[in-house]
Asker: 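Next up is a structure, given as structure tokens.
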2 protein chains.
Amino acid sequence: MTTHSKKLEKYNPASESFDIKEFPFYWVARVNALYSREMEKTLKPMGMDIARWRVAAILQFNGPSSISELALHAIGKLPTITKIVYRMRDAGLVEVNASESDGRVAIVTLTEEGHKQVDMVLDMTTKKVFSRAFKGFSEPQIKKTNELLKRLFVNLSAD
Amino acid sequence: MTTHSKKLEKYNPASESFDIKEFPFYWVARVNALYSREMEKTLKPMGMDIARWRVAAILQFNGPSSISELALHAIGKLPTITKIVYRMRDAGLVEVNASESDGRVAIVTLTEEGHKQVDMVLDMTTKKVFSRAFKGFSEPQIKKTNELLKRLFVNLSAD
DNA sequence: AAAATTTAGTTGACAATTCAACCTTTAGCG
DNA sequence: CGCTAAAGGTTGAATTGTCAACTAAATTTT
């Protein structure tokens with residue numbers, strides 16, 4: 001019993017009539033790559049990269065977080081985030097402390113310097129990347145984009 | 001002169017009222033990561049990874065391509081793609097030949113074995129990942145998702 | 001409450017990616 | 001034509017990411 005109509009076949013990679021240009025994940029990957037590359041340009045001159053940036057941004061917006069939380073939101077395997085965090089600590093961007101309530105948990109906090117860097121990046125990228133990407137988008141369209149992406153995310157999150 | 005309404009501020013990372021959960025690129029990155037992770041599960045057992053998969057898929061759908069074209073569509077820096085391609089050649093998935101018309105260009109072609117692997121992956125991932133991700137999506141919604149992503153891509157592509 | 005399991009994080013060995021520097025071949029230009 | 005620049009690709013060194021194995025703290029079982 002299939003819940004999909006014949007028309008959906010075009011979007012299905014295993015179908016004969018499949019067209020990669022109509023496959024949303026192809027575009028998700030390319031948009032992500034393009035956005036990352038654009039960010040890189042801004043980050044490089046200040047000795048940052050996307051990995052560090054993601055962690056810093058999450059810390060700025062979500063406040064102090066454990067390594068696991070960072071792995072979840074900033075996207076990455078635990079060992080990867082661990083190493084990024086300690087590189088960032090060596091660079092003076094974050095502090096790492098054991099949680100009071102749970103001895104296993106390492107809480108990462110942005111330093112003053114870290115906050116300054118985030119503000120600087122936001123300042124430089126906002127006009128350069130954000131407004132360019134959404135040129136011609138109305139508010140409902142941005143909202144719609146977000147909604148659809150969130151739904152994809154939720155669907156993929158479910159085991 | 002600004003073309004954006006006050007309401008758009010919420011989506012703008014540099015704005016005071018910015019909410020990272022309403023920032024589309026945050027979701028683009030997370031969706032991409034989740035999709036990749038899901039694909040990885042299928043690819044790992046057959047000795048593939050996402051990088052190889054992207055290259056193979058592009059070759060399957062676009063036909064023989066130069067290294068630069070692969071770098072563009074499969075997303076990656078030139079040296080990265082070069083190395084992936086030669087790893088794939090050593091694994092018997094592709095052939096590499098100099099272009100007839102331009103001595104600088106290396107044309108990459110999927111072998112029989114390569115095609116077989118792509119078909120196999122498509123077969124295994126289609127039901128597992130694609131249909132799960134788009135559960136509850138109507139055809140117009142998938143179409144809309146694609147449109148919005150393409151627009152973002154085009155906007156970001158423009159210098 | 002002791003033993004077993006799970007959760008959170010770290011580390012070292014290995015694999016993959018990236019940056020720079022380089023080599024060819026092609027395209028432009030006076 | 002001959003010179004210079006640009007395009008396409010490759011390679012080695014350095015960086016970064018990943019897997020597997022491990023430690024320690026907390027939770028669950030019994």
Side-chain angles (χ1 to χ4, degrees), chain A residues 29 32-33 36-41 43-56 58-59 64-91 93-109, chain B residues 29 32-33 36-41 43-56 58-59 64-91 93-109:
Chain A
N32 186 54
S36 300
R37 195 146 70 52
E38 212 54 44
M39 288 297 290
E40 254 182 356
K41 277 193 220 155
L43 296 169
K44 195 79 124 341
M46 40 196 310
M48 260 210 181
D49 56 27
I50 306 129
R52 262 178 269 259
W53 163 246
R54 283 215 199 93
V55 169
I58 297 297
L59 288 172
S65 312
S66 71
I67 305 258
S68 308
E69 287 168 339
L70 288 175
L72 186 66
H73 294 284
I75 300 152
K77 318 265 157 93
L78 222 49
T80 311
I81 300 294
T82 298
K83 287 180 185 178
I84 292 169
V85 162
Y86 286 108
R87 261 183 260 140
M88 290 174 77
R89 191 195 51 181
D90 293 347
L93 299 176
V94 301
E95 249 180 67
V96 185
N97 296 295
S99 160
E100 298 275 322
S101 58
D102 187 334
R104 298 167 300 179
V105 174
I107 300 290
V108 186
T109 316
Chain B
N32 186 54
S36 301
R37 193 145 71 52
E38 213 52 45
M39 288 298 290
E40 253 181 357
K41 277 193 219 155
L43 297 169
K44 195 79 123 342
M46 40 196 312
M48 259 210 182
D49 56 28
I50 307 128
R52 261 179 271 260
W53 163 245
R54 282 215 201 93
V55 170
I58 296 297
L59 288 171
S65 312
S66 70
I67 305 258
S68 306
E69 286 168 339
L70 288 175
L72 188 66
H73 294 284
I75 301 151
K77 317 266 157 96
L78 223 48
T80 312
I81 301 293
T82 297
K83 286 176 187 181
I84 292 169
V85 163
Y86 286 108
R87 259 183 262 142
M88 289 174 78
R89 192 195 50 181
D90 294 347
L93 299 176
V94 300
E95 250 181 66
V96 185
N97 297 295
S99 160
E100 299 274 323
S101 59
D102 187 334
R104 296 166 299 181
V105 174
I107 300 290
V108 186
T109 316

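Lettering of chains follows the sequences in order, A, B, ..., and the numbering in each one begins at 1.
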Asker: For A:Gly103 and for A:Arg87, locate the closest nucleotide of DNA chain D by heavy-atom distance; then report the residue assigned to the nucleotide nearer the 5' terminus.
Answerer: A:Arg87
Asker: Identify the two heavy atoms, one from A:Ala74 and one from A:Arg54, that lie closest to each other, and give their separation to 0.1 Å.
Answerer: O-CD, 3.3 Å
Asker: Once side chain to side chain donor-acceptor pair (under 3.5 Å) is applied, do any residues pair with A:Thr109, and if so which ones, sequence neighbours excluded?
Answerer: none
Asker: Do you know the tightest heavy-atom contact between A:Ala51 and A:Ile84?
Answerer: CB-CD1, 3.5 Å
Asker: When you check every protein heavy atom under 4.0 Å of nucleotides 7-12 of chain C, what one-letter string (B, S, -) results, 5' to 3'?
Answerer: BSBBBB
Asker: Give a yes or no on whether a salt bridge exists between B:Arg87 and B:Asp90, defined as a side-chain N under 4.0 angstrom from a carboxylate O.
Answerer: no
Asker: Atom CG of B:Leu70 to atom P of C:dT17: distance rounded to whole Å?
Answerer: 14 Å
Asker: Please collect all salt bridge (Lys or Arg N to Asp or Glu O under 4.0 Å) contacts where either partner lies in residues 97-109 of chain A, sequence neighbours excluded, each pair once.
Answerer: A:Asp102-A:Arg104
Asker: Quantified as the angle between the terminal helix axes (five pairs each), what is the overall bend of the helix from C:dA1-D:dT30 to C:dG30-D:dC1 to 10 degrees?
Answerer: 30°
Asker: Indicate the atoms forming the closest heavy-atom contact of B:Val94 with B:Arg89, along with that distance.
Answerer: O-CG, 3.5 Å
Asker: Any side-chain heavy-atom pair from A:Asp49 and A:Glu40 closer than 4.5 angstrom?
Answerer: no
Asker: Taking only residues two or more places apart in sequence, or in another chain, which ones meet A:Ser68 in a side chain to side chain donor-acceptor pair (under 3.5 Å)?
Answerer: none
Asker: Looking only at heavy atoms, which two atoms of A:Ile81 and A:Ile75 are closest? And how far apart?
Answerer: CD1-O, 4.4 Å
Asker: What pair of heavy atoms forms the shortest contact from A:Ile107 to A:Ser99, and how long is it?
Answerer: CG1-CB, 3.9 Å
Asker: Between which nucleotides of DNA chain D, 5' to 3', does chain A make heavy-atom contacts below 4.0 Å?
Answerer: D:dT16 to D:dA26
